[in-house]
Amino acid sequence: MKVRVRFAPSPTGFLHIGGARTALFNWLYARHTGGTFILRIEDTDAARNTQEAVDVILNGLRWLGLDWDEGPISGDVTGPSKGDRGPYFQSQRSENYQRRVEALLSHGLAYEHEGAVKFKMQREPVVIPDLVVGNVTRELTDREKMDPDFVIVRSDGQPVFHLVNVIDDLEMGITHVIRGEDHLTNSAKHIALFRAFGVEPPKYAHIPLILNPEGTKMSKRDKGASLMTYVEEGYAPEAVVNYLCLLGWSPKGNREKVPIQEVIELFDLPQILRHNARFDLNKLHWLNGEYIREMTADRFHELAVHALARIGIDTNRFPLDYVKAALDTCKPKVKLFAEVRTFADFYFKDEIDYATEATAQDFAPEAKPRLQQLRDALAGLEKFDADTLNATFKALAARAGWSIGLLVHPARLICTGRAVGPSLYHLMAVLGKERVLQRFDRALSRMG
RNA sequence: GACCCUAUCGUCUAGCGGUUAGGACACCGCCCUUUCACGGCGGCGGCACGGGUUCGAUUCCCGUUAGGGUCGCCA
């Protein structure tokens with residue numbers, strides 16, 4: 001039987017990082033088995049269902065590179081979709097639900113109560129076979145002992161989650177339900193519902209939750225709960241995906257950075273860890289740096305230009321070669337695209353501000369004669385490449401008997417306004433002789 | 001409160017009866033070096049506790065504790 005799995009988010013206006021991982025694990029399992037990955041939008045709660053909210057999910061999955069074989073193509077509920085088991089929006093599937101509810105009613109498996117329809121839940125414990133956790137026997141809670149039945153259609157006629165989720169999984173031929181562990185106890189209800197419809201339930205795989213650094217369930221309010229955070233902070237999608245793979249699953253062999261193709265080959269449900277994992281931003285940060293370092297220059301440029309545009313720096317105002325050369329000096333240094341700002345902004349400003357902490361030392365009065373000599377040495381250069389600059393600094397320092405740091409540190413501050421940045425000689429070469437001399441002159445005049 | 005899941009360094013993990021308990025992130029030193037980053041070397045740091053089973057338990061069983069989740073006419 002061909003594997004059919006689905007990711008079934010509710011359009012809440014953002015894509016939760018835990019939801020993203022659930023989608024990833026479903027996608028991985030589909031790709032590993034050669035099965036089908038389905039995207040279904042659970043928009044039964046009309047109040048918070050907007051096209052924009054659906055687009056957030058679609059765009060988030062696309063950003064991560066999780067392509068679906070069946071499901072909507074756009075956030076338009078009546079728009080086109082892929083696959084022959086649609087519609088893929090629950091709001092478009094009401095007839096199915098009505099038909100199924102009537103069947104339950106006529107078989108005496110559900111009944112009306114105060115305008116709502118309730119499902120006659122079995123009174124015995126339910127065994128949930130789970131590929132990750134093993135067999136779980138769900139006893140009834142105190143509440144359920146009083147009344148185990150649950151509402152499947154609200155008094156306003158709207159079907160509830162448990163009902164529609166099961167009906168859609170049934171009609172879409174879902175073979176494996178891979179979802180968060182927070183659904184584990186729900187599965188008892190779902191299994192009973194499947195049986196009431198006369199079919200065997202799909203296989204279940206409840207994956208552990210992602211906890212925040214405090215150790216509780218990552219909620220909307222937690223920093224980093226929304227996938228959008230990572231898009232905006234300048235993480236590379238492949239790094240985020242790789243990191244998510246490492247939460248609750250391991251490629252073994254003391255490896256951290258694993259190409260997605262290899263993950264697809266190695267991934268399987270029984271090897272998913274059983275315990276929750278805390279989200280560790282530090283490790284994602286490190287991993288992102290790893291991906292940046294091995295990224296092609298073109299991809300780095302693309303992502304870096306976006307990052308700069310977000311903070312109002314329009315690199316289009318500069319020659320393409322200049323922009324590329326500038327960004328090349330940043331690539332080996334940054335771990336995050338958000339950091340490109342402090343590494344590259346001076347390339348794109350006419351007047352730079354000096355970081356105040358550094359000026360006291362580097363722009364001290366006794367430094368001025370040294371910097372004047374350096375300025376003159378630079379002015380006399382015909383070639384202005386990194387090697388020449390390196391040699392010039394060294395020669396001047398040696399001749400005058402200065403530590404090279406006495407030239408290097410102020411020069412960096414003069415050229416970039418900061419104490420930290422790309423390789424000094426390389427960044428000066430990129431800025432070019434004219435800009436460098438301008439910045440020297442401005443700094444020297446400031447020093448009185 | 002009831003029900004369910006879980007338990008190896010601070011964090012993510014390897015381990016599947018006998019190991020000096022391995023790796024990664026973070027942190028701390030040293031080296032490299034024009035800052036930072038990278039890289040190299042080294043360090044810190046862990047099997048929650050108590051009973052069993054066994055010649056032998058991190059590993060299997062039970063309990064305790066702790067953490068998490070679920071108990072909606074939300075999804």
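Quantities reported herein were computed from a predicted structural model and do not represent experimental measurements. Hydrogens, waters and symmetry mates play no part in the numbers below; they use all other heavy atoms, side chains included. Convention: sequence-line order gives letters A, B, ...; per-chain numbering from 1.
A:Gly253 comes within contact range of no nucleotide atom at all, as no heavy-atom separation falls under 4.0 Å. Among the heavy atoms of the strands lying under 4.0 Å from A:Asn186 is at least one base atom, whether or not backbone atoms are also near. Residue A:Leu273 is classed as a sugar-phosphate contact, given heavy-atom separations below 4.0 Å to backbone atoms only. Residue A:Ser155 is classed as a base contact, given a heavy-atom separation below 4.0 Å to a base. Residue contacts shown for A:Ala116 include a base, since a base heavy atom lies under 4.0 Å away. In this structure, A:Glu42 reaches the sugar-phosphate backbone alone: every heavy-atom distance under 4.0 Å involves primed, P, OP1 or OP2 atoms, never a base. Residue contacts shown for A:His206 are absent, as no nucleic acid heavy atom lies under 4.0 Å away.
Considering only side-chain N and O atoms, A:Ser10 lies nowhere under 4.0 angstrom from the phosphate OP1 or OP2 of B:rC74.
In this structure, the nucleotide among B:rG69, B:rA14, B:rC25 sitting nearest to the side chain of A:Lys283 is B:rC25. With B:rG23, B:rU13, B:rA75 as the candidates, the nucleotide lying closest to the side chain of A:Ala277 is B:rU13.
Straight-line distance between the P atoms of B:rC28 and B:rC36: roughly 14 Å, to the nearest whole Å. One P atom belongs to B:rC73, the other to B:rG17, and the distance between them is 47 Å to the nearest Å. For the C1' atoms, the distance linking B:rA66 with B:rC47 amounts to 16 Å, nearest Å. Rounded to whole Å, the C1' atom of B:rA7 lies 12 Å from the corresponding atom of B:rC49. Nucleotides B:rC16 and B:rC60, compared at atom P, are 11 Å apart to the nearest Å. With P as the reference atom, B:rG52 and B:rU13 are 33 Å apart, rounded to whole Å. Taking the C1' atoms as reference points, B:rG46 lies 24 Å from B:rC62, given to the whole Å. Distance noted for atom C1' between B:rG10 and B:rG56: 32 Å (whole Å).
Between A:His113 atom NE2 and B:rG72 atom C1' there is a gap of 14 Å when expressed in whole angstrom units. For the pair A:Leu287 CG and B:rU13 P, the computed distance is 14 Å after rounding to whole Å. Atom NZ in A:Lys252 sits roughly 10 Å away from atom C1' in B:rU13 (whole-Å rounding). The nearest whole Å value for the distance from the NE2 atom in A:His275 to the C1' atom in B:rA14 is 11 Å. One can place NE2 of A:His285 at 17 Å from C1' of B:rC12, the figure rounded to the nearest angstrom. Per the geometry, CZ belonging to A:Arg278 stands 18 Å off P belonging to B:rU6, to the nearest Å. Counting to the nearest Å, the P atom of B:rA66 and the CG atom of A:Leu211 are 17 Å from each other. Atoms CG (A:Leu244) and P (B:rU13) sit 12 Å apart, rounded to a whole Å.
A:Phe150 and A:Phe119 have tilted rings, their planes meeting at an angle from 30° to 60° on a 0 to 90° scale. Taking the six-membered ring where tryptophan is involved, the planes of A:Phe363 and A:Tyr354 are perpendicular, since the angle between them exceeds 60° and thus also 30°. In this structure, A:Tyr111 and A:His113 have perpendicular ring planes: the angle between them is above 60°, well past the 30° mark. Between A:Tyr230 and A:Phe279, the two ring planes are tilted [angle within 30° to 60°].
Separating the CD atom in A:Gln158 from the OG atom in A:Ser91 is a distance of 9.5 Å, to the nearest 0.5 Å. Separation of atoms CZ (A:Phe197) and CD (A:Glu171) is listed at 8.5 Å; rounding is to 0.5 Å. Taking OG1 from A:Thr416 and CG from A:Asp353, the interatomic distance works out to 11.5 Å, rounded to the nearest 0.5 Å. The distance from the CZ atom of A:Arg278 to the OG1 atom of A:Thr216 is 8.5 Å, given to the nearest 0.5 Å.
In A:Lys120, the NZ atom is not crowded: 12 or fewer heavy atoms of neighbouring residues, nucleotides or ligands sit closer than 6.0 Å. Annotation for A:Arg99: atom CZ counts as buried by contact number, over 12 foreign heavy atoms lying within 6.0 Å.
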Between the protein and nucleotides 61-63 of chain B, which nitrogen or oxygen pairs come in under 3.5 angstrom?
none

Where do N or O atoms of nucleotides 2-5 of chain B meet protein N or O atoms at under 3.5 Å, pair by pair?
| unit_1 | atom_1 | unit_2 | atom_2 | d |
| --- | --- | --- | --- | --- |
| B:rA2 | O4' | A:Asp142 | OD2 | 3.0 |
| B:rA2 | O2' | A:Asp142 | N | 3.1 |
| B:rA2 | O2' | A:Asp142 | OD1 | 3.4 |
| B:rC3 | O2' | A:Arg138 | NE | 3.1 |
| B:rC3 | O2' | A:Glu139 | O | 3.3 |
| B:rC5 | O2' | A:Glu181 | OE2 | 2.7 |

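Pair assignment for B:rA2 gives B:rU70, based on Watson-Crick or G-U wobble hydrogen-bonding distances that are each under 3.5 Å. For B:rA24, the paired nucleotide is B:rU11, the pair qualifying as Watson-Crick or G-U wobble because both relevant distances are below 3.5 Å. In this structure, B:rC49 forms a base pair with B:rG63, meeting either the Watson-Crick or the G-U wobble geometry with both donor-acceptor distances under 3.5 Å.
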Sugar-phosphate or base contact per nucleotide [nucleotides 32-50 of chain B; S, B, -; heavy atom under 4.0 Å]: --BBBBSS-----------
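A donor-acceptor contact shorter than 3.5 Å links the side chain of A:Asn242 to the backbone of A:Glu256. Between the side chain of A:Arg435 and the main chain of A:Leu431, a donor-acceptor pair closer than 3.5 Å is present.
Checking A:Thr216 against A:Gln90, the closest nucleotide of RNA chain B that is more toward the 5' end is the one next to A:Thr216.
When the options A:Asp169, A:Asn26, A:Asp168 are evaluated for a side-chain hydrogen bond (donor to acceptor under 3.5 Å, both in side chains) with A:Arg6, the one that passes is A:Asp169.
A:His206 and A:Asp182 share no donor-acceptor pair across their side chains, judged by distance under 3.5 Å alone.
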